[in-house]
Amino acid sequence: MADPLVTCLSYSAGVQSHGIVEMILAGLFPIPKRFAAIQADPGMESVVSYRFVDETERRFSESGLKFIRASGPNLFRDVAELNNTSKTRLDTPPFWTKNPNGTSGQIKQKCTNHYKIGPIKRAVRKELFRLFGIPVKRNLGLSPGCVEQWIGFTKDEQH
């Protein structure tokens, strides 16, 4: 198979994707041509997380690597303003609960596609347009393998 047009790391600043960043910066992975880390900000991260992403972006830049912040919808604003809009649904964010027995839990999260995956896909399409003039459209009609995406996740997240 031919080399991909673009290789990107979906960077969440979590342990798994940041582990890949550290291996890249340590020279443990060969850097493909036209490589970028792409981070989608859902608008609900902690101040510590934002500082961590800023530091990672700085380190990438110093290493001559591309770091893209993918713009997209803001989950915090969408939740806060839900009553003031005509929206009839909201992709479920990771709300935490306290169970009657005192333990904590988390309701089923379903916001990843809208707030993270979608913005990353749009950023990849913009990069393809910038590099090759490929139109930014939802259905690119490109051959399989033209974009290689690296995603860090643990075995318990493989679903």
Side-chain angles (χ1 to χ4, degrees), residues 1-80 90-99 103-131 136 138 140 142-159:
M1 180 161 65
D3 287 340
L5 296 177
V6 174
T7 302
C8 66
L9 166 65
S10 293
Y11 182 66
S12 67
V15 172
Q16 296 81 8
S17 67
H18 194 73
I20 295 171
V21 162
E22 291 300 331
M23 288 186 272
I24 289 167
L25 292 174
L28 300 175
F29 284 160
I31 308 298
K33 293 186 300 186
R34 297 174 301 273
F35 175 80
I38 303 176
Q39 191 265 341
D41 175 14
M44 281 189 83
E45 304 295 349
S46 70
V47 171
V48 173
S49 293
Y50 286 116
R51 287 184 189 140
F52 190 69
V53 171
D54 290 345
E55 175 65 12
T56 302
E57 181 177 23
R58 182 192 63 75
R59 292 176 64 209
F60 252 59
S61 178
E62 287 176 356
S63 297
L65 298 171
K66 186 166 187 126
F67 190 95
I68 299 169
R69 292 189 188 227
S71 60
N74 185 300
L75 181 57
F76 180 79
R77 187 175 46 245
D78 288 353
V79 170
L90 177 70
D91 290 337
T92 314
F95 287 126
W96 294 92
T97 63
K98 187 167 189 174
N99 299 319
T103 62
S104 62
Q106 182 182 10
I107 64 172
K108 186 171 179 163
Q109 173 182 330
K110 221 167 147 73
C111 61
T112 302
N113 191 50
H114 186 64
Y115 293 94
K116 294 232 178 186
I117 295 171
I120 287 173
K121 284 181 177 181
R122 285 188 294 279
V124 169
R125 289 193 298 267
K126 287 179 183 175
E127 191 68 1
L128 287 170
F129 180 76
R130 185 184 73 77
L131 292 169
V136 180
R138 188 176 271 303
L140 294 175
L142 296 171
S143 302
C146 70
V147 175
E148 182 175 86
Q149 187 171 19
W150 296 357
I151 303 171
F153 60 93
T154 59
K155 186 175 179 181
D156 65 323
E157 297 174 312
Q158 66 187 358
H159 62 280

Side-chain donor-acceptor distances from residues 35-45 under 3.5 Å, at least two apart:
from	atom 1	to	atom 2	distance (Å)
D41	OD1	G43	N	2.8
D41	OD1	Y50	OH	2.6
D41	OD2	Y50	OH	3.3

Do any N or O atoms from the side chain of S63 and from the backbone of L65 form a donor-acceptor pair under 3.5 angstrom? no
Are more than 12 heavy atoms from other residues, nucleotides or ligands located less than 6.0 Å from atom CZ of F129? no
When every non-hydrogen atom of P73 is compared with those of D78, the smallest separation belongs to CB-OD2, 4.1 Å
Considering all heavy atoms, the nearest P119-A70 contact: O-CB, 3.5 Å
Quick one: does I24's side chain get under 4.5 Å of W150's, heavy atoms only? yes
From CG (L9) to CE (M23), nearest 0.5 Å: 10.0 Å
Rounding to 0.5 Å, atoms NZ (K121) and OG (S10) come to a distance of 10.0 Å
Do you know which two heavy atoms are closest between I20 and I151, and how far apart they sit? CD1-C, 4.2 Å
Euclidean distance, L25 CG relative to H18 NE2, rounded to 0.5 Å: 7.5 Å
Atom of S71, atom of R122 and distance for their closest heavy-atom approach: O-NH2, 4.3 Å
Which value, rounded to the nearest 0.5 Å, describes the distance between I68 atom CD1 and E57 atom CD? 10.0 Å
Checking salt bridge (charged side-chain N to carboxylate O under 4.0 Å, His left out) for the pair E55/R51: CA distance, chi angles, key distance, verdict? CA-CA 6 Å; E55 175 65 12; R51 287 184 189 140; over 6 Å; no
Does a salt bridge link R59 with E22, judged by any charged N lying under 4.0 Å from a carboxylate O? yes
Can you measure from CG (L5) to CD (E127) and round to the nearest 0.5 angstrom? 11.0 Å
Heavy-atom check, side chain of D54 versus side chain of R69, under 4.5 Å: yes
How long is the straight-line distance from CD1 of I120 back to SG of C8, given to the nearest 0.5 Å? 7.5 Å
